[in-house]
Chemist: 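I have a structure I would like to understand better, so I am pasting it below and will then ask my questions one at a time.
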Amino acid sequence: MYVAVKGGERAIENAHRLLAHARRGDQSVPELTLDQISEQLGLAVDRVMSEGSLYDRELASLAIKQARGDLIEAIFLVRAFRATLPRFGASEPVDTGAMRVQRRVSSTFKDIPGGQILGPTFDYTHRLLDPSLAEGFVPEVPATAEASTAATPRVTDILGRDGLIESSPEAEDGASVGDLTREPLNFPADRDLRLQNLARGDEGFLLAMGYSTQRGYGRNHPFAGEIRFGEVEVEFFAEDVGFAVPLGSIELTECQMVNQFKGSATEAPCFTRGYGLAFGQSERKTMSMALVDRALRARELGEETLAPAQDEEFVMSHSDNVQATGFVEHLKLPHYVDFQSELGLLRKLRKEFAEANTPDAMKEAAE
Amino acid sequence: MKLSSIIDNLNAASSVNQVTLHNNQQAQRKAAMAVLAHAEAGEIAARLRNLALPEHQDLRTPESGLVMLRGRIGGDGAPFNLGEATVSRAAVRLASGEVGFGYTLGRDGEKARLIALCDALVQSGDFGAVVERDVIAPLREQLMIRREQAAAETAATKVDFYTMVRGEG
């Protein structure tokens, strides 16, 4: 039950003033700039763009600053902002095969065309805190080497040539692309909607779901066929211009998971796949997403659906951290009247219980 | 001159989309836009300042909005909606009649206007060559240098596997 609660205005105003003060912290310490956040906390910015579902580094940096580093709060701010702008349309689908790769690894083939490119990665670091970073650290100039002009085809394309892996689902003629920001979610949901949901889903939630599949709750034997990170060009068909206009480039991470094979009396066995794609350098996110995408294909692939990660209604209804935090955190808003009614009921029940258990009543019951 | 409506030109887009880029000027405009979208507004403005620009007016004052970015299932399959990006756009008309369009990622409306102005100039018989020489070409060269540097730094992190023969340890 909701009732208007009045009387807290001044307290709220002063609380927000205090928040602004706490956000700034000790004023003898220099204030953070948005460039500093964007350049030096780049992976936090990537996460806020992915889960905020809005590619704009500057806005994501502002959101992180305003949210005092609370990334879910920042994601909430970005989602609210995107609702204020008109939508011009949808881009042409990006071509991740033509990515200017900054990192590209495969755990399935050592010698992939284009090579294993480590790029800027935490992998193989010793995870020891580095005191030299505390102040005044100047990094070495990056090493350079002659860049190859050879193409870096997707590993799944190479496997696909021999028919060893299922091909990606083709678009049906005239089929529209599902958009969960425009139409309410219905189940069962098609894979386009599932991927959109996972792409903006909470990294922690997807990580736990993906992990659960590895531990046996919907096991599907994954290999990281390929993870690539880099820049792709974006084009937008503008009807006033009459052709697909280049808009610039964005950074994306893509994960192709290669999973246990499937075959039937009529079809030769082949590997199946799960797919992950996210803004920025988001490896944990895209790997988890690919595991969950594959798990959610259980119904389509005729697998038993017993595990949470295979239950699309469960996964898709709980993946969004803005929705989740809204419902969890609303519990701290005034529920005085709700609680009063519960309290009244509980007192009544206790009174009835006490009356039923008085010595007189017990005696009557015994007789 | 008909401008796109403010939202959702998706349907129109998919039907006209199949038209191939046979027009030479169209390819040239697209190539120029691909360079300009990667430049900063200040860099474009600085290069345009060296030109004696013809009279022009805003046909569409700069405005910001969103474009839904699409990926493909498995990288090469059916499209899906990945998430949105901020986009700015503008349109400029030269006194001689050429209409230029500017579209770019981000919320810098001035950059969209400068791209639109360049697009109009690229189409103009009098200015096409000079804007290519003094604005687009130098910006393209800067972009290529940045990309080559990044590619060289990336290449240094490529793994060179070698096999150890047993017993040689």
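In what follows, every chain begins at residue 1, and chains take the letters A, B, ... in the order their sequences are listed.
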Chemist: Side chain to side chain contact (heavy atoms under 4.5 Å, CB included) for Gln196(A) and Met68(B)? Distances and angles first, verdict last.
Modeler: CA-CA 11 Å; Gln196(A) 184 183 11; Met68(B) 176 56 90; 3.7 Å; yes
Chemist: Pick whichever of Val245(A), Leu195(A), Val101(A), Thr96(A) has the most heavy-atom pairs under 4.5 Å with chain B.
Modeler: Leu195(A)
Chemist: Tell me, side chain or backbone of Leu252(A) under 4.5 Å from chain B's heavy atoms, or both, or neither?
Modeler: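 Just its side chain gets close to chain B.
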Chemist: Spell out the residues in residues 35-55 of chain B that have some non-hydrogen atom less than 4.5 Å away from a non-hydrogen atom of chain A, in order of number; otherwise answer 'none'.
Modeler: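 Hits under 4.5 Å: Ala37(B), His38(B).
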Chemist: How would you list, in number order, the residues of residues 135-142 of chain B that have a heavy atom less than 4.5 Å from chain A?
Modeler: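 Counting heavy atoms that sit under 4.5 Å from chain A, no residue of residues 135-142 of chain B is involved.
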Chemist: Sub-3.5 Å donor-acceptor pair from the side chain of Ser53(A) to the main-chain atoms of Gly83(B), do we have one?
Modeler: no
Chemist: Does a salt bridge link Arg146(B) with Glu231(A), judged by any charged N lying under 4.0 Å from a carboxylate O?
Modeler: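 No salt bridge links Arg146(B) with Glu231(A).
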Chemist: Using a cut-off of under 4.5 Å for heavy-atom pairs, which of Arg29(B), Arg107(B), Arg72(B) has the most such pairs with chain A?
Modeler: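 Most pairs with chain A among the choices: Arg107(B).
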Chemist: Taking side-chain hydrogen bond (donor to acceptor under 3.5 Å, both in side chains) as the definition, give me every residue that meets it alongside Arg191(A), ordered by chain and number, with sequence neighbours left out.
Modeler: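 Arg191(A) satisfies side-chain hydrogen bond (donor to acceptor under 3.5 Å, both in side chains) with Asp293(A) only.
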Chemist: Can you tell me which of Ser88(B), Gly75(B), Ser64(B) forms the most heavy-atom pairs within a distance under 4.5 Å of chain A?
Modeler: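 Looking at each of Ser88(B), Gly75(B), Ser64(B) in turn, Gly75(B) comes out on top.
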Chemist: Nearest heavy-atom pair of Gln26(B) and Gly242(A): which atoms, and what distance?
Modeler: NE2-O, 3.9 Å
Chemist: With Glu110(B), which residues qualify under salt bridge (charged side-chain N to carboxylate O under 4.0 Å, His left out), at least two apart?
Modeler: Arg113(B)
Chemist: Of the listed residues (Asp192(A), Val141(A), Thr144(A)), which shares the most heavy-atom pairs with chain B below a 4.5 Å separation?
Modeler: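 Maximum pair count with chain B is reached by Thr144(A).
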Chemist: Grab the two heavy atoms, one from Ala147(A) and one from Ala152(B), that are nearest each other, plus how far apart they are.
Modeler: CB-N, 4.3 Å
Chemist: Hey, does the side chain of Arg82(A) reach the backbone of Glu84(B) with a donor-acceptor pair shorter than 3.5 angstrom?
Modeler: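 Side chain of Arg82(A) to backbone of Glu84(B), a donor-acceptor pair under 3.5 Å: no, none is there.
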Chemist: Of the backbone (N, CA, C, O) and the side chain (C-beta and beyond), which part of Gln256(A) lies under 4.5 Å from a heavy atom of chain B, both, or neither?
Modeler: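 Just the side chain, heavy atoms under 4.5 Å.
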Chemist: Out of Asp95(A), Leu198(A), Leu118(A), which one racks up the most heavy-atom pairs below 4.5 Å with chain B?
Modeler: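 Among the listed options, the one with the most contacts to chain B is Leu118(A).
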Chemist: Just say parallel, tilted or perpendicular for the rings of Phe236(A) and Tyr103(B), cut-offs at 30° and 60°.
Modeler: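 Because their plane-to-plane angle lies in the 30° to 60° range, the rings of Phe236(A) and Tyr103(B) count as tilted.
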Chemist: If you count heavy-atom pairs under 4.5 Å between each of Ala199(A), Ala175(A), Pro169(A) and chain B, which one has the most?
Modeler: Pro169(A)
Chemist: Please examine the side chains of Val94(A) and Leu69(B), heavy atoms only from C-beta on, and report whether any two atoms are closer than 4.5 Å.
Modeler: no
Chemist: Which pair of heavy atoms, one from Leu54(A) and one from Leu66(B), lies closest together, and at what distance?
Modeler: CD1-CD2, 3.4 Å
Chemist: Would you say Asn81(B)'s side chain and Gly178(A)'s backbone share a donor-acceptor pair under 3.5 angstrom?
Modeler: yes
Chemist: What is the minimum heavy-atom distance between Ala155(B) and Glu146(A), and which atoms define it?
Modeler: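 Heavy atoms of Ala155(B) and Glu146(A) come nearest at CB-O, 3.7 Å.
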Chemist: Salt-bridge test for Asp240(A) and Arg89(B): reply yes if a basic N is under 4.0 Å from a carboxylate O, no otherwise.
Modeler: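 So Asp240(A) does not pair with Arg89(B) through a salt bridge.
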Chemist: Mind checking the CG-OG spacing from Leu105(B) to Ser249(A)? Nearest 0.5 Å is all I need.
Modeler: 7.5 Å
Chemist: Under 4.5 Å, counting heavy-atom pairs only, tell me which of Glu170(A), Arg104(A), Glu233(A) racks up the most with chain B.
Modeler: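 Going by pairs under 4.5 Å, I would pick Glu233(A).
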Chemist: Name the region of Tyr55(A), side chain, backbone, both or neither, that has any atom closer than 4.5 Å to a heavy atom of chain B.
Modeler: both
Chemist: Please find the pair of heavy atoms, one from Leu277(A) and one from Leu82(B), that lie closest to each other, and give the distance.
Modeler: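 Residues Leu277(A) and Leu82(B), closest heavy atoms: O-CD1, 3.5 Å.
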Chemist: May I ask you to check whether over 12 heavy atoms, not counting those of Glu172(A), lie within 6.0 Å of atom CD?
Modeler: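 No, CD of Glu172(A) has 12 or fewer neighbouring heavy atoms, counting only those of other groups under 6.0 Å.
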Chemist: Locate the shortest heavy-atom distance separating Val177(A) from Pro79(B); write the atom from each residue and the value.
Modeler: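 Taking every non-hydrogen atom into account, CG1-O, 3.7 Å.
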Chemist: Under 4.5 Å, counting heavy-atom pairs only, tell me which of Arg194(A), Met257(A), Glu58(A), Glu254(A) racks up the most with chain B.
Modeler: Glu58(A)
